[in-house]
There are 2 protein chains.
Amino acid sequence: MSHGWEAIRADVLRRIQTREWGPGAAIPTEEALSREFGCARATVGRALRDLAATGVLERRRKAGTRVAMRPVRRATLEIPVIRQEVERRGQTYAYRLLADAPEPPPLPVALRLRLPAGAVLRHLTCLHSADGRPFICEDRWLNPAALGGQQPDFAAQSANEWLVANMPYTAGDIAFSAAGAGADDAAAFGIDPGTPLFIVERTTWTADTAITFVRLAYMPGYRLRMTL
Amino acid sequence: MSHGWEAIRADVLRRIQTREWGPGAAIPTEEALSREFGCARATVGRALRDLAATGVLERRRKAGTRVAMRPVRRATLEIPVIRQEVERRGQTYAYRLLADAPEPPPLPVALRLRLPAGAVLRHLTCLHSADGRPFICEDRWLNPAALGGQQPDFAAQSANEWLVANMPYTAGDIAFSAAGAGADDAAAFGIDPGTPLFIVERTTWTADTAITFVRLAYMPGYRLRMTL
DNA sequence: GGCGGGATTATGTGCAGACATATTTGTGTA
DNA sequence: TACACAAATATGTCTGCACATAATCCCGCC
């Protein structure tokens with residue numbers, strides 16, 4: 001037990017792991033713990049707040065702090081820009097724009113972006129590759145209205161990077177799933193249609209207008225890893 | 001701007017979103033901001049720390065605080081117990097143990113758990129269902145040595161729930177991928193072998209001994225959703 | 001010009017005290 | 001018994017101050 005609030009956090013976690021404080025049990029008050037550890041209440045509070053943020057503890061005013069009954073595993077997933085992900089694997093990144101044309105979106109896309117009927121979006125298809133081999137097949141629908149008049153050329157810079165640089169700090173949601181390769185995916189990856197692919201779908205918003213919906217089909221065998 | 005550190009966080013975020021402070025730009029010091037907002041430095045620090053935790057800001061001692069150059073999207077993923085996930089969808093949960101026998105693990109599993117050669121694990125196969133329809137096909141390798149002498153019966157209670165209740169707060173890693181349904185998966189779900197399935201693989205550790213490796217094959221069409 | 005080392009500085013952490021807020025708990029009343 | 005209300009209490013937040021720590025800056029020296 002060296003020092004600081006992280007030491008307190010570690011010690012509390014240890015007591016939980018050794019079941020000195022079992023699931024559902026109430027642990028001493030901040031005040032009591034601060035006396036035990038010989039520090040200020042704020043310091044204990046910092047440690048406990050951190051453990052609550054990771055789902056180990058549950059805290060309620062007046063009710064006190066207790067060990068979470070069923071530990072909700074909360075993992076933070078970092079979603080990198082594709083270029084970074086490739087380069088971090090020590091491979092060289094390349095990007096190619098395959099198609100770029102205005103089109104009315106299919107119904108599921110229009111619904112997701114909550115677009116009025118008849119809206120026309122910019123439809124992009126591009127291929128991200130690592131060391132020359134296809135890595136991700138991107139299928140993107142972009143709302144021109146959300147771009148503020150600009151109509152960037154995505155031949156050189158990927159839409160992914162342009163958006164990160166020019167429309168950062170947006171909100172949205174993301175979904176993971178598995179799907180069989182479509183005709184386009186199969187052609188891009190050089191595989192049979194129907195081959196299982198890992199799919200990431202992302203919808204991005206500014207305050208209230210939809211910016212883009214993108215579907216990323218990862219190369220066969222791709223695994224998204226994270227630590228609990 | 002109502003009150004408290006959350007108001008400060010909101011205001012700082014607003015200035016970033018309106019590009020008053022562009023990507024890479026340094027923002028005023030805590031001291032300057034505390035004067036501007038008319039509050040203590042600690043309060044500003046709380047707000048900025050929170051924004052740094054979500055990847056919007058980057059902070060370094062002496063160097064100051066700046067807007068993240070490439071906003072790393074950090075999403076927190078909550079991994080629920082399977083029963084909870086099913087019940088939250090308003091469906092009734094059921095569980096069935098299909099097989100339970102000691103077996104030497106296949107090489108990839110042994111490597112992942114860093115087991116000595118010749119170790120024998122408990123191999124479980126079970127099916128989680130929602131409203132009577134197969135939901136998840138579970139294939140688990142359990143290290144008896146890590147269970148501390150106990151040999152629970154998993155016919156009634158799923159290994160998932162037993163572990164959460166009896167060996168909580170462990171570490172591990174998790175991976176998402178897509179794979180074609182194997183013979184077992186296909187039989188359980190009543191689908192053709194090779195149908196794309198969403199796969200979650202998890203490895204769990206206590207301090208230094210491997211507890212379990214589990215592969216969850218989700219029903220066809222399953223989507224894992226999260227908010228950014 | 002290049003380099004090393006100390007002064008400077010912004011964040012990180014800590015303390016003690018105060019008040020705010022949400023619950024729970026206990027009490028008195030209908 | 002049931003219910004409304006008040007007291008008690010643990011956490012949530014804020015202030016103001018202090019010192020620690022890690023970069024950076026800058027000055028003097030070679």
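Within every chain, numbering begins at 1; the chains are lettered A, B, ... in the order of the sequence lines, protein sequences first and strands thereafter. What you are looking at is a predicted structure, and each value in this text was computed from that prediction instead of being measured.
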CZ (A:R19) with more than 12 external heavy atoms under 6.0 Å: yes
DNA chain D-proximal residues of residues 21-32 of chain A, any heavy atom under 4.0 Å: A:T29, A:E30
B:S177 and A:L224: CA distance, side-chain angles, deciding distance, side-chain contact (heavy atoms from CB on, under 4.5 Å) verdict: CA-CA 6 Å; B:S177 60; A:L224 179 68; over 6 Å; no
Carboxylate-amine/guanidinium proximity below 4.0 Å for B:E138 and B:R215: no
Strictly under 3.5 Å: I want the nitrogen or oxygen pairs between protein and nucleotides 19-23 of chain D, one per line.
from   : atom 1 : to    : atom 2 : distance (Å)
D:dT21 : O2     : B:R61 : NE     : 3.2
D:dA23 : O3'    : B:R60 : NH2    : 3.4

Pair B:H128 and B:F135, ring centroids less than 6.0 Å apart: no
For B:F198, all residues meeting ring-ring contact (aromatic ring centres under 6.0 Å, His included), sequence neighbours excluded: B:F176, B:Y218, B:Y222
Which residue lies more 5' along DNA chain D, comparing A:G64 with A:R49 via nearest heavy atoms: A:G64
Pairing of A:R202 and A:D173 as salt bridge, 4.0 angstrom limit: no
Contacts of A:R114 that satisfy salt bridge (charged side-chain N to carboxylate O under 4.0 Å, His left out) - sequence neighbours left out: none
D:dT11 OP1/OP2 closer than 4.0 Å to side-chain N/O of A:T65: yes
Integer-rounded Å distance: D:dC14 C1' and B:E6 CD: 14 Å
For residues 39-56 of chain A, tabulate all N or O donor-acceptor pairs below 3.5 Å that involve a side-chain atom, not counting sequence neighbours.
from  : atom 1 : to    : atom 2 : distance (Å)
A:R41 : NH1    : A:E30 : OE1    : 2.7
A:D50 : OD2    : A:R9  : NH1    : 2.7
A:T54 : OG1    : A:L51 : O      : 3.0

From CA spacing to verdict: side-chain contact (heavy atoms from CB on, under 4.5 Å), A:V214, A:W141: CA-CA 6 Å; A:V214 62; A:W141 295 86; over 6 Å; no
Length of the CZ-P vector between B:R35 and D:dT15, whole Å: 15 Å
Atom pair distance, as rounded to whole Å: CG in B:D50 and P in D:dG12: 14 Å
Boundaries of the chain A footprint along DNA chain C (any atom under 4.0 Å from a heavy atom): C:dT13 to C:dT24
Donor + acceptor pair across side chains of A:R96, A:S129 (<3.5 Å): no
A:R59 side-chain N/O to D:dG12 phosphate OP1/OP2 under 4.0 Å: yes
Separation of atom CD1 in B:I8 from atom C1' in D:dT13, rounded to whole Å: 11 Å
A:R225 and A:E85 ion-paired at < 4.0 Å: no
